[in-house]
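First the structure, in the form of structure tokens, and then the observations on it.
For reference, positions follow the sequence shown, starting with 1.
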Amino acid sequence: MPKCIYVLLFALTLLPFKGISQSCLVSSYPFNNNTNDLVSSNNGVAYGATPTTDRFGNPNSAYYFDGINDHINFPTDFDFAQRTIMFWFNASNISTTLGCMFEADHNAMSNAQTEIGVRNISGTNKLSICVGASANNWATPSITTNTWYHIAIVRDVSEIRYYLNCQLIATKYDMSNTVSNQSNNTFAALGMVSTNSHFFNGKIDELKIYNCAVSTNVIQEACSVSCSPLAYYNFSNTTNNTISSNFNGTNYGATFVSDINGNPNSALYFDGISNHVDFPTDFDFAQRTIMFWFNASNISTTLGCMFEADHNAMSNAQTEIGVRNISGTNKLSICVGASANNWATPSITTNTWYHIAIVRDVSEIRYYLDCQLIATKFDMSNTVSNQSNNIFAALGMVSTNSHFFNGKIDELKIYNCVLNDTEINAECAQSTGIQTSSFETEKCSEINNQNYLFSSSQSLEAFLEKQNKNSAIKTIHDITGKEIYNFSFENESEIKSQIRKLPNGLFVYTIDCGGSVKKGYFIINYN
């Protein structure tokens, strides 16, 4: 099977989209440059709090509180017998006095106060999270400043559940207490307690309030999307960032050509002599993900650099991705920091599309080729390898204006956060634009090179049975080409038994259509 087909098809390991249930959502505040409620009329009023960047780096998409007097008031106390309150927060400073992020508390409440805040207790930054006048409301996990967290309180019929980063951290069964203070404001507020004191210093985003007790699964879904791109360059007749006007690229000679799907003027071609694209920033994020598709026209014995950001003022290490022929083998150079052994093991070929990704996490660096993890590095000590380079990132050359790349580059995405394996795969699939086919209407003559996605072993078995009615499936191979099953030597019950044991991934099958042997592909993604 040609390498280019593997590149396209392996990307189809997608998880289905999960959305948080909206059935009992009464108020939602995304804080996109305003404090409006997208669900009802409970619009907030900001007093000093200002729009700021969210956890993805998107501008004007969260609110910043100065810790002095900034707050946001709401026209109601959200005093529901069953309720869920959740939001993201990032504390800039945590002192020895409470910094309150959310509170609703007054003497006319029927279903207990709600308070969520931060405080330094005996040198440890703690989370104060309670419903009712709970004496032991200092949650066990310690937290750090300048870090995004997701917090949630769920008041159920007979218990109260507290979550941090969508994981249950405590359950309380005392439902007797109602309020701890008797003369507070009769509304809920962000950034202070309801007596107009104990102001919070930091950011708050994506406040959601429900008039029901949502399940743990719903809470976990709130954290299911961990990352979104800060910059996205689809190179469709432009080098602009399609997400915002920030970080638009400047093109120096690269020409627009067809992309991986054959769409015209939808990728960039670099001549290997002087073509490059410069960006007005170095994307020097402590946590980051950088990915794109490439197709090398020529690979020589000197480095052809596809992406680099490297200069002596960087705080979080250079990034370099390139190709080079080493002792007759075309290699991939991929590194963060001055890594001595940065020549990745897989060999690559010219005129073939590949997907490449670098993920710089807190304690490790992960390298991916064709959506598969190929290396993990744990040395975070190196920062840069060159000291006098340009202070911007570039495509098509190293940042000293040399080592030009010859080939195509497309779908550059840059994140100031970390993607996991599943998210890397999902990004690949979105880039290729390949869709799975419905096997219900397929005829044997239409089978060749069709792709199928199965979310259960039953649906896969139904597919195999349907194909075998008018044709004969011969073999199934894994992505490496290893034969998994030969249908000539196994009975139907044995085949079904073995099929149920297949792991998630890409598989290739051959089918005999009246003497004509054809290939098909299927993805297994059991959830």
Does the plane of the ring in Y233 sit parallel, tilted or perpendicular to the ring in F279? Use 30° and 60° as the thresholds.
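Plane angle between 30° and 60°, so tilted.
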Return the set of residues passing side chain to side chain donor-acceptor pair (under 3.5 Å) with N196 (not counting sequence neighbours), or none when no residue passes.
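N196: side chain to side chain donor-acceptor pair (under 3.5 Å) contacts with N185.
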Which residues share a side chain to side chain donor-acceptor pair (under 3.5 Å) with D77, sequence neighbours left out:
H106
Which residue in the set T250, N234, L268, L412 passes side chain to side chain contact (heavy atoms under 4.5 Å, CB included) when paired with T239?
L268
Is a side-chain donor-acceptor pair under 3.5 Å present for R155 with T114?
no
Please tell me whether T376 and E364 have a donor and an acceptor in their side chains that are separated by less than 3.5 angstrom.
no
For [X], check side chain to side chain contact (heavy atoms under 4.5 Å, CB included) against everything at least two apart and list the hits.
{"X": "S41", "answer": "none"}
{"X": "A91", "answer": "I94, F200"}
{"X": "Q82", "answer": "D156, V157, A213"}
{"X": "D37", "answer": "S27, Y29, V39, S40, N42, N43"}

Mark yes or no for whether [X], through its side chain, and [Y], through its backbone, hold a donor-acceptor pair below 3.5 Å.
{"X": "N125", "Y": "T144", "result": "no"}
{"X": "T52", "Y": "A62", "result": "no"}
{"X": "D205", "Y": "D54", "result": "no"}
{"X": "H198", "Y": "M192", "result": "no"}
{"X": "D79", "Y": "N111", "result": "yes"}

Could you report the tightest heavy-atom contact between L419 and T289, atom names first, then the distance?
N-OG1, 3.2 Å
Residue pair F102 / A188: nearest heavy atoms and the distance that separates them
CZ-CB, 3.9 Å
Output, in order, the C-alpha distance, side-chain angles, deciding distance and verdict of side chain to side chain donor-acceptor pair (under 3.5 Å) for S128 and E115.
CA-CA 7 Å; S128 172; E115 181 187 277; 3.2 Å; yes
Heavy-atom distance under 4.5 Å between the side chains of T216 and Y163, does that happen here?
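The answer is yes, as the side chains (C-beta and beyond) meet within the 4.5 Å cut-off.
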NZ or CZ of K413 within 45° of Y232 ring axis and under 6.0 Å
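Yes, cation above the ring, under 6.0 Å and within 45°.
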Checking ring-ring contact (aromatic ring centres under 6.0 Å, His included) against Y149, which of W88, F89, F87 comes through?
F89
